[in-house]
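What follows is a set of notes on a single structure, which appears directly below.
Heavy-atom basis, side chains included; hydrogens, waters and symmetry copies ignored. Protein chains get the first letters and strands the later ones, always in sequence-line order, with residue 1 at the start of each.
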Protein chains: 2
Amino acid sequence: MPPSRQRNANTESVDNYLKAILALSGPEEQRVSSTSLASRLGVAPASVTNMLQKLASSPLPLVEYERHRGVLLSAAGKRRALEVLRHHRLIETFLYEVLDYPLEEVHEEAERLEHFISERFEERIAVKLGHPKFDPHGHCIPAMDGKMPKQTSMPLTDLREQGTFVVDSVSDQDALLLRRLRAHGITPGARLQVTSRPPDDFVLRTSGVSKALHLSRDLAAAVRIRSAH
Amino acid sequence: MPPSRQRNANTESVDNYLKAILALSGPEEQRVSSTSLASRLGVAPASVTNMLQKLASSPLPLVEYERHRGVLLSAAGKRRALEVLRHHRLIETFLYEVLDYPLEEVHEEAERLEHFISERFEERIAVKLGHPKFDPHGHCIPAMDGKMPKQTSMPLTDLREQGTFVVDSVSDQDALLLRRLRAHGITPGARLQVTSRPPDDFVLRTSGVSKALHLSRDLAAAVRIRSAH
DNA sequence: TAACAGAATTAGGTTGACCTAAAATAGTGA
DNA sequence: TCACTATTTTAGGTCAACCTAATTCTGTTA
């Protein structure tokens, strides 16, 4: 078994930078500042600058970087970031559907594994799952070619009128929040009836539950909704 | 999402050292030399010495190391090595049984993933598989407490008499060999009838195949057999 | 338009895992 | 037991990804 002779490839760390840029640049693909990246990644701003310079000046640049003006993903960088995102969400779905993980635990495991699975693994779990379009948090899974349908949902905290809505997705970033949401019956697909005046106050009723529920700001911020078609 | 603040933990590299020591020290747990480790791991002997010194002098030493006398695993080191081995073999089994990998491909994927799966993941795939005792190569999977039944098989190349045997296991180290063995019907559990005088020559018949088969030394070395009970 | 605050970059470390080359040691056979 | 060879260790790097502190920008506000 000839062992790989190369140094600990930079993949994991690089992938995390790319993912963070993708997430922070938003649907409009705005430039992302070093500080915001630094705080998201939990490293010093100086480290970010360093890494960006490397990523931008490599033979196949993964980002477009201009001093003091922030970064953007290059085409190649975006491709890679979406591939990692696809890995992440497929793994989450797999853990949830096939291995019966509790919803709150899938993110952390996927966060580690996403960097190390092969194309074959990706393909096999996609087949096993029937090429799912959404992960268990309700997030869309990028297709193999990187295509993603446009978002049609909005943050619950942007709501300005009462009404009935469907939970589109919940944030996977915080296991504790997620567990609390689930305890209240707020999971993707659930029906929400908002009876207070948003966005100052969220009193709502969920599908099976008779009692009205007051949602704290943290919790509301972790929920995206769409109209109850 | 508070990101892990710690440096790229040494786990992966350390695990690989421990695994290599476990494999090389054999069932008798003999001391392992720096050179043999170096060549197995594909690094320079000096690097091995360095690492061993670190492993031996850490607060919880994973190896017992004496200058010029080779290493042994400590109790803690052995525990960890067996845990990683368990991960490896469970993952192989999982890839083979659940994700329909071809036998030759499971090793490489498991080799990467074994370092990064959680206890929960381990437990879930073990449950899913019904707590298997053997991986698809025929190797025994260590129990959670590290217990392993004693080997009762022997290398085909140690055979000194003709007779009929059962393939106990095949080496997972070389995908090409493995594919060739499989092409000849030599997979764990297969019946082998050896008709030449071993160990100079291996002419044999396998279960379903009528034609006699001459096995090259490489191939024979990758096969372990036990008596056809 | 000068000055200042805050953001970003540069300069100069640290650490872990590797490397090569040089020095030390152990085991062997004369 | 002495010397020689093969193994092992030490000494002194490199490189990637971090860090802190010092410096340089930028955009705004007086």
Exercise. Side chain to side chain contact (heavy atoms under 4.5 Å, CB included) between B:Ile117 and A:Leu113: does it pass, once the steps are laid out?
Worked result: CA-CA 7 Å; B:Ile117 69 171; A:Leu113 296 183; 4.1 Å; yes
Starting from [atom2] on [N], measure out to [atom1] on [X] and report it in whole angstrom.
X: A:Asn16; N: D:dC18; atom1: CG; atom2: C1'; value: 14 Å
X: A:Tyr65; N: C:dA7; atom1: OH; atom2: C1'; value: 11 Å
X: A:Arg69; N: D:dT24; atom1: CZ; atom2: P; value: 22 Å
X: B:Glu66; N: C:dA26; atom1: CD; atom2: P; value: 11 Å
X: B:Arg31; N: D:dT7; atom1: CZ; atom2: C1'; value: 15 Å

Problem set entry | Ring centres under 6.0 angstrom apart (B:His107, B:His88) |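 Yes, the ring of B:His107 comes within the 6.0 Å limit of the ring of B:His88, centre to centre.
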Exercise. When the aromatic ring centroids of A:Tyr101 and A:Tyr96 are compared, is their separation below 6.0 Å?
Worked result: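 No, the ring of A:Tyr101 stays outside the 6.0 Å limit from the ring of A:Tyr96, centre to centre.
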Exercise. Taking all atoms of both residues into account, what is the closest heavy-atom pair of B:Leu129 and B:Glu97, and its distance?
Worked result: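 The answer is CD2-CB, 3.8 Å.
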Exercise. Where do B:Glu104 and B:Leu178 come nearest, in terms of heavy atoms and distance?
Worked result: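 So the two residues come closest at CA-CD2, 3.9 Å.
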Problem set entry | Charged N-O contact under 4.0 Å between B:Glu92 and B:Arg89 |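 Salt bridge between B:Glu92 and B:Arg89, a charged N being under 4.0 Å from a carboxylate O: no.
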Problem set entry | Near-strand residues of residues 48-56 of chain B, defined as heavy-atom separation under 4.0 angstrom from DNA chain C |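 Nucleic-acid contacts, sorted: B:Asn50, B:Met51, B:Lys54.
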For [N] and [X] - does any side-chain N or O of the residue sit under 4.0 Å from the phosphate oxygens OP1/OP2?
X: B:Ser13; N: C:dG16; value: no
X: A:Ser47; N: D:dC19; value: yes
X: A:Ser34; N: C:dA7; value: no

Out of [options], which nucleotide sits closest to the side chain of [X]?
X: A:Arg67; options: C:dC19, C:dT10, D:dT9; value: C:dT10
X: A:Ala44; options: C:dT10, D:dC18, D:dC19; value: D:dC19
X: B:Ala46; options: D:dT20, D:dC18, D:dT9; value: D:dT9

Exercise. Just by modelled atom types, is the B:Ala20 backbone N or O under 3.5 Å from a matching donor or acceptor in the B:Arg40 side chain?
Worked result: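 No, B:Arg40 side chain to B:Ala20 backbone: no donor-acceptor pair under 3.5 Å.
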Exercise. Start at the 5' end of DNA chain D and walk down; is the nucleotide closest to B:His68 or to A:Tyr17 reached first?
Worked result: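 Counting from the 5' end, the first nearest nucleotide belongs to B:His68.
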